[in-house]
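In what follows, every heavy atom counts, from backbone to side chain, and hydrogens, waters and symmetry copies are set aside. As the structure is a prediction and not an experimental result, all values here were calculated from the model. Naming: A, B, ... by sequence-line order, numbering from 1 per chain.
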Amino acid sequence: MDVKLGVDVAGMALKNPLIAASGTFGYGVEYESLMDLGLLGGIVSKGLYLEPRLGNPTPRIVETPAGLLNAIGLQGVGVRAFVADVLPRLTKHDTALLVNVCGDTVEEYAEVSRILDGAPGVTGLEINISCPNVKKGGMAFGGDPRMTFEVVDAVRKATRLPVIPKLSPNVGDITIFARACEEAGADALSCVNTLLGLVIDVESRRPRLAFGTGGLSGPAIRPVAVRMTWQAARAVRIPVLGIGGIATANDVLEFLIAGARAVQIGTANFVDPGLYERVLTDLRAYLERHGLTDINQVVGTLEYPGDAERERRG
Amino acid sequence: MDVKLGVDVAGMALKNPLIAASGTFGYGVEYESLMDLGLLGGIVSKGLYLEPRLGNPTPRIVETPAGLLNAIGLQGVGVRAFVADVLPRLTKHDTALLVNVCGDTVEEYAEVSRILDGAPGVTGLEINISCPNVKKGGMAFGGDPRMTFEVVDAVRKATRLPVIPKLSPNVGDITIFARACEEAGADALSCVNTLLGLVIDVESRRPRLAFGTGGLSGPAIRPVAVRMTWQAARAVRIPVLGIGGIATANDVLEFLIAGARAVQIGTANFVDPGLYERVLTDLRAYLERHGLTDINQVVGTLEYPGDAERERRG
Amino acid sequence: MARNRDIPLVRREALDGAYVLLTFRHPEIAHEARAGQFVMIKAGISAEPPLRRPFSIMSVAPEREEFTLFLKAIGQGTRRLAAMDVGDLAQCLGPLGQPFVAPPEGSEALMVAGGYGIAPFLMLSRQLQASGGAGRVFYGGRSAGDVQLRSPFEHLGATLVVATEDGSLGVTGRVTAPLEAYLDAAAPKAVLYACGPDAMLHAVASLAERRGLPCQVSLDPWMGCGIGTCLGCVVWIQKPGEARPKYRCACTEGPVFDSRHVVWT
Amino acid sequence: MARNRDIPLVRREALDGAYVLLTFRHPEIAHEARAGQFVMIKAGISAEPPLRRPFSIMSVAPEREEFTLFLKAIGQGTRRLAAMDVGDLAQCLGPLGQPFVAPPEGSEALMVAGGYGIAPFLMLSRQLQASGGAGRVFYGGRSAGDVQLRSPFEHLGATLVVATEDGSLGVTGRVTAPLEAYLDAAAPKAVLYACGPDAMLHAVASLAERRGLPCQVSLDPWMGCGIGTCLGCVVWIQKPGEARPKYRCACTEGPVFDSRHVVWT
Ligand SMILES: Cc1cc2nc3c(=O)[nH]c(=O)nc-3n(C[C@H](O)[C@H](O)[C@H](O)COP(=O)(O)OP(=O)(O)OC[C@H]3O[C@@H](n4cnc5c(N)ncnc54)[C@H](O)[C@@H]3O)c2cc1C
Ligand SMILES: Cc1cc2nc3c(=O)[nH]c(=O)nc-3n(C[C@H](O)[C@H](O)[C@H](O)COP(=O)(O)OP(=O)(O)OC[C@H]3O[C@@H](n4cnc5c(N)ncnc54)[C@H](O)[C@@H]3O)c2cc1C
Ligand SMILES: Cc1cc2nc3c(=O)[nH]c(=O)nc-3n(C[C@H](O)[C@H](O)[C@H](O)COP(=O)(O)O)c2cc1C
Ligand SMILES: Cc1cc2nc3c(=O)[nH]c(=O)nc-3n(C[C@H](O)[C@H](O)[C@H](O)COP(=O)(O)O)c2cc1C
Ligand code: FES
Ligand code: FES
């Protein structure tokens with residue numbers, strides 16, 4: 001049986017629902033020699049500002065139980081160098097290309113988006129309003145619904161490309177932020193970025209990361225990310241990309257069933273660059289086992305128990 | 001060298017900073033035959049309402065990477081049966097006894113607190129405004145600063161016992177809630193309850209828990225809990241009890257260094273009832289290695305990098 | 001009384017398929033355990049999987065302070081246990097739970113097991129033998145590979161009736177068929193004991209109900225702690241005289257229950 | 001070219017203390033690796049610890065498609081690797097990073113190693129031997145137990161100078177002392193190679209600087225991915241002609257760097 005894995009997200013036709021998450025796949029080119037990038041539904045670039053950024057001092061990463069805490073701080077080449085040097089090399093691969101857009105100010109987000117609007121080969125823009133590892137922008141925008149609206153609105157006006165804000169999990173009610181993005185004209189949502197965490201070296205009594213706090217990713221956060229994806233997907237009409245701790249086909253399916261149209265894979269890229277092939281095989285096997293022909297048939301099929309059932313008594 | 005492990009939390013003199021967390025140590029009596037309860041700094045009872053509660057349907061627990069997702073739903077005997085049947089048995093152990101107070105309404109919290117106010121042997125009240133697994137009360141109160149204030153204020157007026165609200169991690173800015181509690185007259189804070197999560201069984205496409213979502217605990221959440229404890233401790237003058245993923249002396253020290261006066265141990269009780277003895281030994285060894293004589297000397301000693309250092313350039 | 005200990009693996013015997021016999025040293029369990037009781041155990045002190053796992057105590061050797069588990073490696077926890085080397089430590093708490101109640105004088109013990117559900121019956125059979133016959137064991141599985149714990153019963157002199165669904169060993173079909181046939185033919189005064197998959201337990205319980213025979217079932221819910229504190233393992237139980245069923249902990253009030261008290265869902 | 005593979009452990013030799021030699025089969029690494037390159041590897045596919053770990057390739061046997069690691073079990077990742085049984089699979093990516101650059105004709109190679117930092121020098125020594133002498137190795141550790149990889153160098157005909165801080169083997173003191181003494185006495189035309197703790201690398205780099213000798217150091221930062229994408233392993237490097245230092249990935253532009261380009265912090 002031939003099963004269909006292609007999905008459509010905000011007009012972007014992805015050959016499958018697996019996208020490499022921002023900051024965990026470099027600019028894509030790093031993996032060129034290790035795998036066929038054409039296997040992927042899409043790639044999200046590292047976060048890009050107008051200018052090159054040094055990022056934070058080291059140590060920048062530390063392991064946690066089933067997780068990774070990072071404070072890279074958006075080291076990057078800047079949007080112009082990306083367009084000039086990286087993009088031409090990437091466009092030869094048959095996969096969707098999203099760029100993760102950053103800014104210290106609303107204007108900077110708009111400006112970066114404007115530059116990318118004209119760049120050949122860019123499929124869509126992911127708006128990073130949720131990085132916990134920078135002092136301006138980032139989470140400061142994504143933690144305030146009004147600022148969220150403003151950033152998305154400004155980017156919306158700066159580009160005709162699909163606009164995909166990336167939500168922060170460090171909020172009380174993610175549906176408020178999901179709706180603010182939808183109202184500002186977003187085409188889809190990425191859900192979620194990292195959880196703000198702190199790991200302390202008890203010998204030196206200092207944070208293990210030079211930056212202090214960091215963003216928690218990996219399998220540890222998956223249950224929280226699935227829950228937020230489920231909440232966001234029910235709150236808006238635009239498609240949602242699920243992100244957080246995905247490493248297997250089972251994990252992918254949790255997010256799709258919760259309502260995500262596609263998913264992004266982050267930390268697991270560091271652990272096993274060979275995972276895409278395995279996950280695709282396992283997704284196909286799942287569909288066949290369940291007599292399904294199209295991955296879209298599982299999206300949003302979670303049977304959430306009704307109130308009566310959640311209180312079922314003997 | 002003899003090191004001092006005793007700590008003072010809101011007038012409660014605890015013989016050491018290790019407290020068994022609510023819902024993970026039964027009413028304490030379950031562990032009587034397995035360990036000397038006098039080893040513990042304190043015990044927090046399961047959550048108690050005015051009336052007995054059945055709790056949620058099963059399955060109620062599921063494992064996650066380095067974590068546990070639960071939706072027990074506060075099954076319990078009710079406060080009167082606790083006072084009549086359990087308390088007399090518990091007071092013979094030399095350890096502090098905190099009761100976890102629940103309610104569907106503000107009045108119920110106050111009423112439960114009033115009943116406990118007169119009960120001999122109760123050291124303090126932990127106010128559970130953060131349980132994610134009930135449909136009324138719980139997180140609904142702990143997710144709204146005004147409701148948080150109201151509950152704590154009502155309990156404050158109903159008892160002379162130390163009042164210790166237990167904060168939810170499912171909020172954007174925990175310092176707002178910490179301060180609301182302090183203003184309402186809380187004597188200390190418990191920080192934090194479980195993170196709201198969802199695990200899906202992809203074969204049946206239903207949540208693995210009968211209740212749907214659940215609360216995530218265990219080592220997976222520790223970096224988030226340490227971060228929130230650190231934020232809360234800096235935001236208020238009252239002492240903070242750190243909670244989340246503690247299983248070793250190293251974990252305890254992370255919370256103390258972050259600013260917690262004492263800690264609570266939850267999920268780890270299920271995994272290893274022998275942990276208290278080991279952790280106390282290791283805490284003593286740490287103090288001796290660092291030439292310290294009193295555990296209070298490490299509380300709040302985190303050297304958080306200054307802005308210049310966080311941006312250190314070559 | 002239950003005791004928590006870090007205990008060494010002293011013997012390891014890999015059987016066919018995913019089954020393995022693991023023998024550990026633990027004085028309290030070796031001396032005090034009764035058939036139907038279990039342990040909560042975990043290989044080493046690693047973070048994964050987070051919780052211990054419950055296993056029936058299959059046999060004890062008090063003189064050597066040893067006990068043995070019969071387990072099937074199906075997931076992370078069991079695979080880690082099955083991969084232990086002799087000398088490696090496990091964290092183990094036991095003996096836990098309520099044991100089987102011995103049959104009254106003059107009653108025959110009929111044990112019905114599915115797959116790894118056979119484990120507690122080796123111990124029960126030994127206990128019975130001490131006070132008379134070793135009982136009659138109906139042992140079912142999908143195929144021959146699932147009914148591996150046979151020779152110890154034969155050594156004990158228990159009567160063993162094997163049934164496999166694919167007919168690769170013994171009677172073809174469900175294990176309840178030969179049980180029912182035996183009850184029809186012999187009409188014994190008997191007590192039924194059952195341990196295995198839920199559906200099998202339910203079938204045996206119905207059969208006992210219809211025949212008016214007492215029946216004890218060992219339930220198999222998810223367990224987080226084994227000592228009554230996580231409340232993860234609760235099952236609906238309604239005892240005589242109770243107006244409504246109550247959630248009761250399978251770890252402390254069970255895992256063995258009178259089948260008539262179980263509210264089958 | 002680096003290749004990601006699930007590879008079996010083919011040989012395991014436990015040495016004293018926490019050291020172990022592990023040999024795996026991996027064709028690309030066995031055929032293409034150069035001294036100074038490393039692998040990112042993890043025992044099995046378990047969730048803990050989350051990331052792979054970097055290790056220098058100690059030696060290769062292209063004819064058998066094997067390579068060997070020399071590792072010290074100090075934490076979760078290394079302990080899991082050290083506990084692997086022959087036949088168990090590891091996830092492995094390699095060969096990675098920039099190798100040591102061979103010394104120019106007529107220059108002597110002086111290798112300075114601390115503890116597990118010895119690993120890449122066995123391979124370097126073999127490469128050197130193919131084109132002349134096997135070089136001179138200064139091998140330091142806290143005590144005799146930390147300088148276990150000696151006989152393979154002796155077999156190669158490399159000159160081995162051992163130093164231990166407690167004097168339990170070889171010269172007493174830091175390994176830089178005999179190195180300095182040798183430079184004083186022989187005043188050779190030499191290239192220094194260093195791998196070991198940061199303090200040692202820095203000391204060797206200063207010494208090279210003072211003597212005007214070229215020096216290559218293999219750095220040892222935390223690595224998340226090994227291929228330049230996590231940006232966790234960056235170090236400050238300032239190359240000639242650059243106005244300011246830049247963060248460069250130790251995994252792709254290193255781990256071997258010209259010591260004069262490293263900004264020591
Ligand atoms: C009282 C009791 C006695 C038991 N005796 C034996 C025995 O003698 N031999 C034997 O092989 N097995 C026995 N089991 C079952 C054994 O506990 C499970 O097979 C084991 O927990 C699976 O763990 P895992 O990590 O390998 O599998 P997992 O990867 O955790 O799960 C595999 C499957 O087992 C289920 N499961 C996981 N953990 C539990 C649990 N704690 N309780 C029930 N189901 C679970 C899961 O839902 C899943 O479907 C017993 C269970 C109970 C409750
Ligand atoms: C290029 C390179 C080559 C190496 N070659 C060897 C070798 O040949 N033999 C050998 O025994 N070791 C080698 N190491 C060091 C080895 O990677 C670490 O000892 C190992 O990662 C420790 O992992 P762990 O899980 O056992 O310890 P952990 O419990 O993770 O940590 C123990 C200590 O090691 C540090 N550490 C942990 N992970 C890393 C890491 N990825 N990189 C650097 N430091 C880390 C931690 O900060 C901690 O202080 C090399 C490291 C690098 C970067
Ligand atoms: C090292 C690292 C760097 C990251 N950099 C970025 C980034 O530049 N922009 C961004 O939006 N998210 C970034 N993220 C977040 C990931 O894209 C992803 O949202 C998060 O890691 C959760 O997914 P995971 O659990 O699969 O890793 C980064 C994550 C990691 C671990
Ligand atoms: C099974 C279970 C039941 C719990 N019941 C309660 C409860 O009744 N009241 C409460 O305030 N917290 C309850 N909690 C939360 C814990 O007290 C603790 O805050 C949380 O588990 C985080 O700590 P840990 O990671 O050490 O488990 C429960 C947690 C678990 C795992
Ligand atoms: S297993 Fe925890 S209460 Fe029974
Ligand atoms: S280890 Fe990830 S970039 Fe070097």
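- The closest donor-acceptor contact from the side chain of B:Glu63 to the backbone of C:Leu51 lies under 3.5 Å.
- Atom CZ of C:Arg12 has more than 12 heavy atoms from other residues, nucleotides or ligands within 6.0 Å.
- Going from atom CZ of B:Arg278 over to atom CG of C:Asp6 covers 8.0 Å, rounded to the nearest 0.5 Å.
- Among residues 19-29 of chain B, the residues having any heavy atom closer than 4.5 Å to a heavy atom of chain C are, in sequence order, B:Gly23, B:Thr24, B:Phe25, B:Gly26.
- The side chain to side chain contact (heavy atoms under 4.5 Å, CB included) check on B:Arg53 picks up B:Tyr49, B:Asp104, B:Val134, with sequence neighbours excluded.
- Each of B:Leu68, B:Leu34, B:Asn269 has some count of heavy-atom pairs under 4.5 Å with chain C, and the biggest count is that of B:Leu34.
- Inspection of non-hydrogen atoms places B:Ile72, B:Gln75 of residues 72-79 of chain B under 4.5 Å from chain C.
- Contact detail for C:Tyr247 and B:Pro57: the closest heavy-atom pair is OH-CA, 3.0 Å.
- The number of heavy atoms from other shown groups lying within 6.0 Å of CD (C:Glu165) is above 12.
- Among C:Gly228, C:Ala2, C:Cys230, the residue with the largest count of heavy-atom pairs under 4.5 Å with chain B is C:Cys230.
- Ion pairing of B:Asp272 with C:Lys42 is absent here, as no side-chain N (NZ or NE/NH1/NH2) approaches a carboxylate O to less than 4.0 Å.
- Neither the backbone nor the side chain of C:Met40 comes within contact range of chain B; no heavy atom of the residue lies under 4.5 Å from a heavy atom of that chain.
- Atom CH2 of C:Trp222 is separated from atom OG1 of B:Thr58 by 13.5 Å, given to the nearest 0.5 angstrom.
- Minimum heavy-atom separation, B:Ser33 to C:Met1: CB-SD, 3.8 Å.
- Proximity of a side-chain donor or acceptor of B:Arg60 to a complementary backbone N or O of C:Cys233 within less than 3.5 Å is not detected.
- Here the OG1-CD distance, from C:Thr252 to B:Glu30, works out to 8.5 Å after rounding to the nearest 0.5 Å.
- With contacts defined as side-chain heavy-atom distances shorter than 4.5 Å, the pair C:Asn4/B:Met35 does not qualify.
- Interface residue B:Pro273: backbone and side-chain heavy atoms are both found under 4.5 Å from chain C.
- Listed by chain and number, the residues in a ring-ring contact (aromatic ring centres under 6.0 Å, His included) with C:Phe100 are C:Phe121, C:Tyr193 (sequence neighbours excluded).
- With respect to chain B, the highest number of heavy-atom pairs below 4.5 Å among C:Arg3, C:Arg5, C:Arg53 belongs to C:Arg53.
- The neighbour count for C:Arg248 CZ, taken as heavy atoms of other residues, nucleotides or ligands under 6.0 Å away, is above 12.
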